[in-house]
Enquirer: 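Dropping the structure in here first, questions after.
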Amino acid sequence: MVRNLLFALITLLAFGLFAYSARRLWLMLRRGKPDPFPRLNRPGERLGRLLRIGIGQSKIFRFRSAGLLHALVFWGFIVITIGTLEVMLEGLFGGHFAFLGPFYSLITATQELFAVAVIVSCLGFLWRRYVVRPRRFSGPEMKPASRWDATVILLLILALMVTLLGTNAAMLAGGLDRPWAARPISRLLQAGLEGLSPQGLRWFYELNWWGHILLVYAFLNYLPYSKHLHVLTSLPNVYLSRLEPMGVLGKLDLEDPAATNFGVRDVEDVSWKQMLDALTCTECGRCTAVCPANTTGKRLSPRKLYVDLRDRLEQKAALWAGADGQPVEDGKAYLGDWVTPEEVWACTTCQACMQECPVMIEHVPLIVDLRRHLVLMQGEVSPELQTMFANLESKYTPWAFSPQDRASWAEGLGIATMAELAARGESPEVLFWVGCAGSFDDRYKRVTRALAQLLQQAGIRFAILGTEERCTGDPARRAGNEYLAQMLIQENVATLERYGVRKIVTACPHCFNMLRNEYPQFGGQYEVVHHSQLLEELIASGRLSVDEKALDGRRITYHDSCYLGRANGVYEEPRALISALRADLVEMARSRSRGFCCGAGGAQMWMEEQPGHKRVNIERSEEALATKAEVIATACPFCMTMLRDGVTAHGASVPVLDVAELLAQAASPSADRTPS
């Protein structure tokens, strides 16, 4: 009775302290601004993601060895938590779960096996942390306290497993085990306790039993002040992660009369979900390990963004505690004192960090929010971006070309504009959205013409907007100029609605992502396909025939555009086109969802990379050339430019061709095609 009463008092104290810490975190999150994305919609999909990524640990296994260790610890915790609940039941009421019968045998045996797996995994983690020391465990944000924090957690977990097995072994040695219990590991350990007296055995049991539960309560109350808070927040964070494609940015309400600030300057400006992301960050460094800016020596570290945000959040929370809900200023800000503009502008928005994060943290929207503040509130813009913004505002393209020349590429091809068709009372099967690069870049105009001729060969009735087309707003939006981006978007939506456009094809992944995923924020609902998707469909349906010998056996490597692949999941169609030509497709070391950025995204196409560092396109070009391919294939105008420059910088003569150009070399109209 005394034992139960003491246990109840300790339990009440432990959960009381945890409730205090949880309330502190809850009040912190309540300070966050509303999030631009729905976080509770489509519960079925969210549950599936939770089971696949949260419980199944699918993202963890993208780093196989470390992933296996982590998954074993995670699954072990789930199984062993049942045993912890049984210890609490025994401590409070003297009960246990043996009434479950044969199922209890499965539970107890599984607990023991996972206890061993967790012990081995923790030792493996300590070995990696102190002996192997992977590069991603280093960096200016990795303070000594972080290493000690990880060590404390690992030692706590080890002690939990040891005391669990010690308790079970003592029960077996004393003949006190429960019916249906199956304890294969403890039965082996039992032999080491046979020399103890009954009194010694009892003391050993009590030491391990009390040690286990006290360690559980210590662990529970340490977590809210540790980077390992993700033990508690990772599953909610995965469930609440957005279901929209990875390349989508949230919309700013520029007409909000109550708004006094746009973008993120300090922690008061971040959303509650961004705060939760910061509290959930495990500091594993997977995001930084794949970041093209960091890989090529720039200061940007996606992990540091969230470590810094959490540090600033904790610091500001201490001030909020005595401010009775009022704004508090201490002369510092997250942007400037923790994160520098240099870091913010180094990002290519390739989303590799988001792809790798095992707890679904959303790095790129935070970076763009920081850019929004720099551009809209502080006016801190490089001369290159100022020029780009000026061109977009006056010429509707990032370059200083005349908007009247937007359709010059189509001369002699007999391509109608939407205005011409509307005047005749006709409508096309599809609108060909050419994009700025396809309209003005001399090299990519050849791709535009090739694609147009392929569509004509397939009997596709299509039209273009011609001089009525504007930049989709992608470079302005990714550069933080939301005002200019929304102006361009609204003009384009008005034009598309005037013509009743419902299906669009484009060769630019950035236009594809904007039209497909972000124009709906402004009322523009369209079926948008990338040219690689449409061309693959035309071949599969027989509307285009292919001379299979045209590229027979030619060695080709394909570069995944970030805004086509990671942002929208289009990986197979471009490869299917290359395979249809019977070319020898060779993959780069980093491909598909692991593909490495060309360096042009996030408006980097119009910015100079930070001096003194390796250029991102040089890194990617080296990887492409290492395949010994005869052709480097792309499906994006900016990727083509960056890879061509990289190949030239290496003194190589390997051609860089768009998949449409490859197909144009081998395609001809099918004899039996029926024009639409």
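Sequential numbering from 1 along the given sequence is applied to the chain's residues. Below, each value reflects all heavy atoms present in this structure, side chains not excepted, and no hydrogens, waters or symmetry copies.
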Enquirer: Any donor and acceptor pair, going by atom type alone, linking the side chain of R371 with main-chain N or O of R478 inside 3.5 Å?
Expert: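 It does hold such a pair.
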Enquirer: Check for me whether the distance between the ring centres of F638 and W606 falls short of 6.0 Å.
Expert: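 Ring centres of W606 and F638 closer than 6.0 Å.
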Enquirer: Over all heavy atoms of both residues, which pair between H510 and G601 is shortest? Give the atoms and the distance, please.
Expert: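 Nearest pair, atom of H510 first, then G601: CE1-CA, 4.1 Å.
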Enquirer: Any chance you could lay out the side-chain contact (heavy atoms from CB on, under 4.5 Å) test for L40 and L240, step after step, and finish with the verdict?
Expert: CA-CA 7 Å; L40 295 172; L240 296 168; 3.7 Å; yes
Enquirer: Could you walk me through whether V505 and I460 satisfy the side-chain contact (heavy atoms from CB on, under 4.5 Å) test, starting with their C-alpha distance in whole Å, then the side-chain angles of each, then the deciding distance to 0.1 Å, before giving a yes or no?
Expert: CA-CA 11 Å; V505 62; I460 299 290; over 6 Å; no
Enquirer: Tell me, with the steps shown, if E429 and R502 meet salt bridge (Lys or Arg N to Asp or Glu O under 4.0 Å).
Expert: CA-CA 9 Å; E429 178 182 352; R502 288 296 171 261; over 6 Å; no
Enquirer: If we only count heavy atoms from C-beta on, is the I415 to F432 side-chain gap below 4.5 Å?
Expert: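 Of all side-chain heavy-atom pairs linking F432 with I415, none is under 4.5 Å.
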Enquirer: Looking only at atom types and distance, does a side-chain atom of E426 sit under 3.5 Å from a main-chain N or O of L421, one as donor and one as acceptor?
Expert: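 Flag not set: sc E426 to bb L421 has no pair under 3.5 Å.
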Enquirer: Mind listing the closest non-hydrogen atom pair of P38 and N41 along with its distance?
Expert: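 Taking P38 first and N41 second, the nearest heavy atoms are O-OD1, 3.5 Å.
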Enquirer: List the atom of N391, the atom of A400, and the distance in Å for their closest heavy-atom pair.
Expert: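 Shortest heavy-atom separation between N391 and A400 comes out as ND2-N, 3.6 Å.
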Enquirer: Take N517 and N568 through the side-chain hydrogen bond (donor to acceptor under 3.5 Å, both in side chains) test and state the conclusion after the steps.
Expert: CA-CA 9 Å; N517 299 322; N568 289 284; 2.6 Å; yes
Enquirer: Please step through salt bridge (Lys or Arg N to Asp or Glu O under 4.0 Å) for the pair R372 and D369, ending with a clear verdict.
Expert: CA-CA 5 Å; R372 285 168 168 172; D369 280 340; 3.1 Å; yes
Enquirer: Of all the heavy-atom pairs spanning G250 and F37, show the shortest one and how long it is.
Expert: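 In this case the closest contact between G250 and F37 is N-CZ, 3.5 Å.
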Enquirer: Any donor and acceptor pair, going by atom type alone, linking the side chain of E362 with main-chain N or O of M354 inside 3.5 Å?
Expert: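 No; zero donor-acceptor contacts below 3.5 Å.
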Enquirer: What's the spacing between I504 CD1 and C511 SG if we round to 0.5 Å?
Expert: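 The CD1 atom of I504 sits 10.0 Å away from the SG atom of C511.
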Enquirer: Please determine whether a side-chain nitrogen of the Lys or Arg among R575 and D560 lies less than 4.0 Å from a carboxylate oxygen of the Asp or Glu.
Expert: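 A salt bridge is present here (some side-chain N lies under 4.0 Å from a carboxylate O).
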Enquirer: side-chain hydrogen bond (donor to acceptor under 3.5 Å, both in side chains) for S402 and Q404? Distances and angles first, verdict last.
Expert: CA-CA 5 Å; S402 170; Q404 298 305 313; 5.6 Å; no
Enquirer: Quick one: which of F401, Y396, W399 gives a ring-ring contact (aromatic ring centres under 6.0 Å, His included) with F440?
Expert: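 Single ring-ring contact (aromatic ring centres under 6.0 Å, His included) partner of F440 among F401, Y396, W399: F401.
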Enquirer: For the backbone of T349 and the side chain of Q351, can you confirm whether one donor and one acceptor N or O come within less than 3.5 Å of each other?
Expert: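 A pair under 3.5 Å: yes.
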Enquirer: Drop me the distance from T506's OG1 to L534's CG, to the nearest 0.5 angstrom.
Expert: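 Reported value, rounded in 0.5 Å steps: 11.5 Å.
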Enquirer: Do you see a donor-acceptor pair shorter than 3.5 Å between the side chains of R470 and T495?
Expert: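 Absent: no donor and acceptor within the cut-off.
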Enquirer: Could you grab the distance from atom CG of L496 to atom CD1 of I489, nearest 0.5 Å is fine?
Expert: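 Result: 12.0 Å between the selected atoms.
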Enquirer: Is it true that R449 and E661 make a salt bridge, defined as a side-chain N closer than 4.0 Å to a carboxylate O?
Expert: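 No, R449 and E661 are not salt-bridged.
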Enquirer: Around atom OH of Y483, are there more than 12 heavy atoms from other residues, nucleotides or ligands closer than 6.0 Å?
Expert: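 Incorrect, the count does not exceed 12.
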Enquirer: Find the distance between OH (Y444) and CZ (R644) and round it off to the nearest 0.5 Å.
Expert: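 Atom-to-atom, Y444:OH and R644:CZ are 12.0 Å apart.
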Enquirer: Any non-hydrogen side-chain atom of V290 less than 4.5 Å from a side-chain atom of R590?
Expert: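 With C-beta onward as the side chain, the pair stays apart.
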Enquirer: Closer than 4.0 angstrom, basic N to acidic O: yes or no for E623 and R620?
Expert: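 Salt bridge flag = yes for R620 with E623.
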Enquirer: Check the pair Y499 / S427 against side-chain hydrogen bond (donor to acceptor under 3.5 Å, both in side chains), numbers first and verdict last.
Expert: CA-CA 8 Å; Y499 290 119; S427 60; over 6 Å; no
Enquirer: Please check if the side chain of R594 supplies one atom and the backbone of R62 the other of a donor-acceptor pair under 3.5 Å.
Expert: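 Indeed, once roles are kept as given, a pair shorter than 3.5 Å links the two residues.
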Enquirer: With side-chain contact (heavy atoms from CB on, under 4.5 Å) as the criterion, how do R286 and I60 come out once you've worked through the C-alpha distance, each side chain's angles and the decisive distance to 0.1 Å?
Expert: CA-CA 10 Å; R286 293 173 182 231; I60 284 289; 4.0 Å; yes
Enquirer: Restricting to non-hydrogen atoms, name the atom on Q521 and the atom on L249 that form the minimum distance, rounded to 0.1 Å.
Expert: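 Scanning both residues completely, I find the closest heavy atoms to be NE2-O, 2.7 Å.
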Enquirer: Counting N and O atoms only, with roles assigned by atom type, does the side chain of R566 sit under 3.5 Å from a partner on the main chain of C350, one being a donor and the other an acceptor?
Expert: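 Side chain of R566 to backbone of C350: a pair is present.
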Enquirer: Could you tell me the separation between the NE2 atom of H363 and the CG atom of L305, rounded to the nearest 0.5 Å?
Expert: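 Going from NE2 on H363 over to CG on L305, the span is 7.5 Å.
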Enquirer: Is the backbone N or O of A635 less than 3.5 Å from a side-chain atom of H530, with the two atoms forming a donor-acceptor pair by type?
Expert: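 Judged by distance alone, yes, a pair lies under 3.5 Å.
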Enquirer: Can you check whether L585 reaches E587 side chain to side chain, under 4.5 Å on heavy atoms?
Expert: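 Contact flag for L585/E587 side chains = yes.
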Enquirer: List the steps and the verdict of side-chain contact (heavy atoms from CB on, under 4.5 Å) for R446 and W409.
Expert: CA-CA 8 Å; R446 287 153 52 188; W409 65 269; over 6 Å; no
Enquirer: Donor-acceptor check, side chain of E356 to backbone of A289, threshold 3.5 angstrom: yes or no?
Expert: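 No: the side chain of E356 does not pair with the backbone of A289.
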Enquirer: Taking atom SG of C436 and atom CG of D441, what is their separation to the nearest 0.5 Å?
Expert: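 Rounded to the nearest 0.5 Å, the SG-CG separation comes out at 11.0 Å.
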Enquirer: Just checking R424: does its CZ atom have more than 12 heavy atoms from other residues, nucleotides or ligands closer to it than 6.0 angstrom?
Expert: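 Yes, the 6.0 Å shell around CZ holds more than 12 heavy atoms from other groups.
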Enquirer: Please lay out, stage by stage, how N492 and Y519 fare under the test side-chain hydrogen bond (donor to acceptor under 3.5 Å, both in side chains).
Expert: CA-CA 9 Å; N492 281 325; Y519 272 46; 3.0 Å; yes
Enquirer: Give a yes or no answer on whether the side chain of E469 reaches the backbone of A407 with a donor-acceptor pair at less than 3.5 Å.
Expert: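 Not a single qualifying donor-acceptor pair exists.
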Enquirer: Which atoms form the tightest heavy-atom contact between A583 and I556, and what is the distance?
Expert: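 Smallest interatomic distance, heavy atoms only, reads CB-CD1, 3.5 Å.
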Enquirer: So do the side chains of C597 and Q604 get within less than 4.5 Å of each other, counting heavy atoms only?
Expert: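 Sidechains of Q604 and C597: no contact.
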Enquirer: Would the distance check show the side chain of K298 and the main-chain N or O of K614 forming a donor-acceptor pair, the cut-off being under 3.5 Å?
Expert: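 Side chain of K298 to backbone of K614, a donor-acceptor pair under 3.5 Å: yes, one is there.
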Enquirer: Heavy-atom distance under 4.5 Å between the side chains of C353 and C291, does that happen here?
Expert: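 Counting from C-beta outward, C353 and C291 never come under 4.5 Å.
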Enquirer: For Y558, enumerate each residue passing the ring pair (Phe, Tyr, Trp, His ring centres under 6.0 Å) test, keeping only those at least two apart in sequence or located in another chain.
Expert: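 So Y558 forms no ring pair (Phe, Tyr, Trp, His ring centres under 6.0 Å) with any residue.
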Enquirer: Does R136 make a cation-pi contact with F63 (under 6.0 Å, within 45 degrees of the axis)?
Expert: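 Here R136 passes the 6.0 Å and 45° test against F63.
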Enquirer: Are the side chains of H531 and E573 in contact, using a 4.5 Å heavy-atom criterion?
Expert: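 Not in contact.
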Enquirer: Decide if atom CD of E393 counts as having more than 12 heavy atoms of other residues, nucleotides or ligands within a radius under 6.0 Å.
Expert: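 It does not: E393 CD has 12 such atoms or fewer within range.
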Enquirer: With a 4.5 Å cut-off on side-chain heavy atoms, are P574 and L564 touching?
Expert: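 SC-SC contact between L564 and P574 confirmed.
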Enquirer: Given side chains that start at C-beta, do those of S439 and T448 come closer than 4.5 Å, heavy atoms only?
Expert: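 Not in contact.
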Enquirer: So that I can tick it off, tell me whether K445 and D442 are bridged by a salt bridge, with the cut-off set at under 4.0 angstrom between side-chain N and carboxylate O.
Expert: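 Yes, this pair counts.
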